[in-house]
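Notes to accompany the following structure.
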2 protein chains.
Amino acid sequence: MRIGELARELGVSTDTLRFYEREGWLPRPVRAENGYRSYRSDDVEHLRLLLNLRRIDLPLEEAARLASWCHAGHCETTSSSLPALIATRRSDVRARIDELRRLDERLDELQAHLVGRTELSVIGPSTSCCSAAAAIFDAVEGSCRCCAVANAEGDA
Amino acid sequence: MRIGELARELGVSTDTLRFYEREGWLPRPVRAENGYRSYRSDDVEHLRLLLNLRRIDLPLEEAARLASWCHAGHCETTSSSLPALIATRRSDVRARIDELRRLDERLDELQAHLVGRTELSVIGPSTSCCSAAAAIFDAVEGSCRCCAVANAEGDA
DNA sequence: TCTTGACATTGGAGTCACTCCAAGGTCTAG
DNA sequence: CTAGACCTTGGAGTGACTCCAATGTCAAGA
Ligand SMILES: [Zn+2]
Ligand SMILES: [Zn+2]
Ligand SMILES: [Zn+2]
Ligand SMILES: [Zn+2]
């Protein structure tokens with residue numbers, strides 16, 4: 001099995017495979033007479049394991065270490081630490097999801113604000129900056145400075 | 001205002017500020033007699049704008065460009081493109097959230113599988129790999145090879 | 001036979017957005 | 001006088017790839 005075929009089958013780039021090998025995260029496969037890498041089924045399994053560990057967002061170093069341990073059959077250690085590892089990973093993932101949800105909410109507010117204020121943009125730039133900038137400036141932080149400016153001008 | 005104070009106030013590191021300046025993402029502030037950077041309120045506003053744009057996860061280059069435009073008062077262009085920009089950003093964020101949720105589900109399944117199978121691990125390593133590796137190997141992909149192995153050995 | 005095209009090889013540089021460091025200069029309080 | 005908190009610079013390191021140039025290999029078609 002050559003590198004391109006393996007890469008296609010497992011959904012990564014040949015560059016990634018060569019990078020893994022170069023940095024020592026994967027064992028070097030045997031070479032054919034022409035110098036091409038020739039992957040055996042054992043190599044394929046090792047790589048598949050590594051990629052699965054990467055898919056649960058383990059850092060490459062940890063994934064590679066674990067993959068080698070498992071592949072070499074030293075999995076008692078791994079077996080006992082694995083649930084804790086997964087638990088940590090889950091809380092990381094959830095924290096990131098919460099972060100992104102908050103970001104999405106902020107974006108939602110900002111979008112609504114910008115759309116709702118389209119008519120008001122004829123007021124033009126405020127003293128310190130234009131209204132669009134003020135909107136970003138403030139909507140992201142939760143309080144709106146450009147509205148205050150607009151209201152003040154509307155009252156005047 | 002010196003760099004440390006500004007950094008503390010806006011919640012970034014001094015390294016980040018020097019990096020932004022060095023790479024041209026922020027204008028250079030005036031220097032005091034001793035060579036220290038001296039930030040004016042205008043600089044602070046520009047930086048705050050840039051950081052707000054970064055907080056909605058715009059790439060630094062785009063955030064800096066937009067911040068400069070807005071800060072210079074050329075915001076008509078910005079006003080018209082901003083809703084589209086936000087919309088794109090939102091769909092990116094949502095896609096990432098979905099990805100992470102799928103990951104969380106996979107981790108949940110994997111965890112349940114590992115915990116539920118503790119007794120079965122006495123079966124020991126299968127022919128190709130140990131059961132822990134097999135679990136990662138397969139649970140991440142949705143079908144479980146180690147169970148098949150265990151069942152086969154149980155039947156034998 | 002020759003050529004075209006798809007594949008492979010290597011080392012090295014680039015990406016993004018910081019982050020850390022060493023070696024030094026400056027200022028304030030005790 | 002000294003400790004410490006601050007500031008300066010240029011440069012290297014991070015993670016996980018990604019892209020590139022220059023070159024080599026091989027099978028199929030004209
Ligand atoms: Zn503006
Ligand atoms: Zn407003
Ligand atoms: Zn194993
Ligand atoms: Zn199983």
Side-chain angles (χ1 to χ4, degrees), chain A residues 1-26 28-40 43-44 47-68 89 92-93 96 99-100 103, chain B residues 1-26 28-40 43-44 47-68 89 92-93 96 99-100 103:
Chain A
M1 201 176 200
R2 289 185 306 180
I3 197 170
E5 197 187 345
L6 177 57
R8 255 192 311 279
E9 189 170 312
L10 296 189
V12 286
S13 72
T14 57
D15 273 329
T16 297
L17 296 189
R18 278 188 281 253
F19 163 76
Y20 283 175
E21 181 185 330
R22 189 164 49 185
E23 303 284 303
W25 306 125
L26 275 183
R28 283 173 212 122
V30 295
R31 298 296 180 120
E33 285 191 353
N34 55 14
Y36 290 8
R37 289 169 180 80
S38 181
Y39 294 90
R40 313 302 192 83
D43 298 318
V44 179
L47 175 59
R48 194 194 297 275
L49 177 55
L50 174 53
L51 292 180
N52 278 334
L53 288 164
R54 283 287 302 136
R55 273 207 253 168
I56 59 175
D57 265 4
L58 290 181
L60 180 53
E61 182 175 359
E62 200 167 4
R65 189 168 44 77
L66 216 56
S68 294
R89 199 54 28 197
D92 287 356
V93 168
R96 183 66 183 140
E99 238 177 78
L100 287 175
L103 173 58
Chain B
M1 201 176 201
R2 290 185 305 182
I3 197 170
E5 198 187 342
L6 177 57
R8 257 192 310 280
E9 190 170 312
L10 295 189
V12 287
S13 71
T14 57
D15 272 331
T16 298
L17 295 189
R18 279 188 280 254
F19 165 75
Y20 282 176
E21 181 185 330
R22 190 164 46 190
E23 304 284 301
W25 305 125
L26 275 182
R28 282 171 213 125
V30 295
R31 298 297 180 118
E33 285 192 354
N34 56 16
Y36 290 7
R37 288 169 181 82
S38 179
Y39 293 92
R40 313 305 192 79
D43 297 318
V44 179
L47 175 59
R48 192 194 300 274
L49 178 55
L50 173 53
L51 292 179
N52 277 333
L53 289 163
R54 282 288 300 136
R55 272 206 253 168
I56 59 174
D57 265 3
L58 290 181
L60 181 52
E61 182 176 359
E62 199 167 6
R65 190 169 43 78
L66 217 56
S68 294
R89 199 53 29 196
D92 287 356
V93 169
R96 183 64 183 143
E99 237 177 77
L100 287 175
L103 172 58

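Predicted model only: the values in this text are computed from it and were never measured. Here is the naming used below: chain letters follow the sequence lines, and residue numbers restart at 1 for every chain.
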May I have the distance from [X] (atom [atom1]) to [N] (atom [atom2]), rounded to whole angstrom?
X: A:E23; N: D:dT14; atom1: CD; atom2: C1'; answer: 12 Å
X: A:R22; N: D:dT18; atom1: CZ; atom2: P; answer: 13 Å
X: A:L47; N: D:dA16; atom1: CG; atom2: P; answer: 16 Å
X: B:D15; N: D:dG13; atom1: CG; atom2: P; answer: 16 Å
X: A:L26; N: D:dA16; atom1: CG; atom2: P; answer: 14 Å
X: A:L58; N: D:dA16; atom1: CG; atom2: P; answer: 10 Å
X: B:E21; N: D:dT8; atom1: CD; atom2: C1'; answer: 11 Å
X: A:D57; N: D:dC17; atom1: CG; atom2: C1'; answer: 14 Å

Subject >> Heavy-atom neighbours of B:R28 CZ exceed 12 at 6.0 Å >> reply: no
Original post:
Hey, is CD on A:E61 packed in by over 12 heavy atoms from elsewhere, all under 6.0 Å?
Top reply: no
Original post:
If you check the A:L60 side chain, which of D:dC17, D:dC20, D:dG10 turns out closest?
Top reply: D:dC17
Original post:
Does B:R37 put a side-chain nitrogen or oxygen below 4.0 Å from OP1 or OP2 of D:dT8?
Top reply: yes
**OP:** Establish, with yes or no, whether the OP1 or OP2 oxygen of D:dC17 is under 4.0 angstrom from a side-chain nitrogen or oxygen of A:R54.
**Re:** yes
**OP:** Answer whether the closest heavy-atom distance between the side chains of A:Y20 and A:L51 falls below 4.5 Å.
**Re:** yes
Original post:
Under a 4.5 Å cut-off applied to non-hydrogen side-chain atoms, are B:P29 and B:E21 in contact?
Top reply: yes
Between [X] and [Y], which heavy-atom pair has the shortest distance, and what is it?
X: B:S13; Y: B:A7; result: C-CB, 4.0 Å
X: B:I56; Y: A:L103; result: CA-CD1, 3.5 Å
X: A:L10; Y: A:V44; result: CD1-O, 4.3 Å

**OP:** For A:N34, report the nucleic acid contact type (base, sugar-phosphate, nothing); a contact means any heavy atom under 4.0 Å.
**Re:** sugar-phosphate
Subject >> Presence of salt bridge, B:E99 and B:R96, under 4.0 angstrom >> reply: yes
**OP:** Could you say whether B:F19 or B:E33 is positioned toward the 5' end of DNA chain C, judged by the nucleotide with the nearest heavy atom to each?
**Re:** B:F19
Subject >> Residues touching DNA chain C, which here means a heavy atom under 4.0 Å, drawn from residues 2-14 of chain B >> reply: none
Original post:
With B:D92, which residues qualify under salt bridge (Lys or Arg N to Asp or Glu O under 4.0 Å), at least two apart?
Top reply: B:R89
Original post:
Can you give the first and last nucleotides of DNA chain C, 5' to 3', that have an atom under 4.0 Å from a heavy atom of chain A?
Top reply: C:dC7 to C:dG12
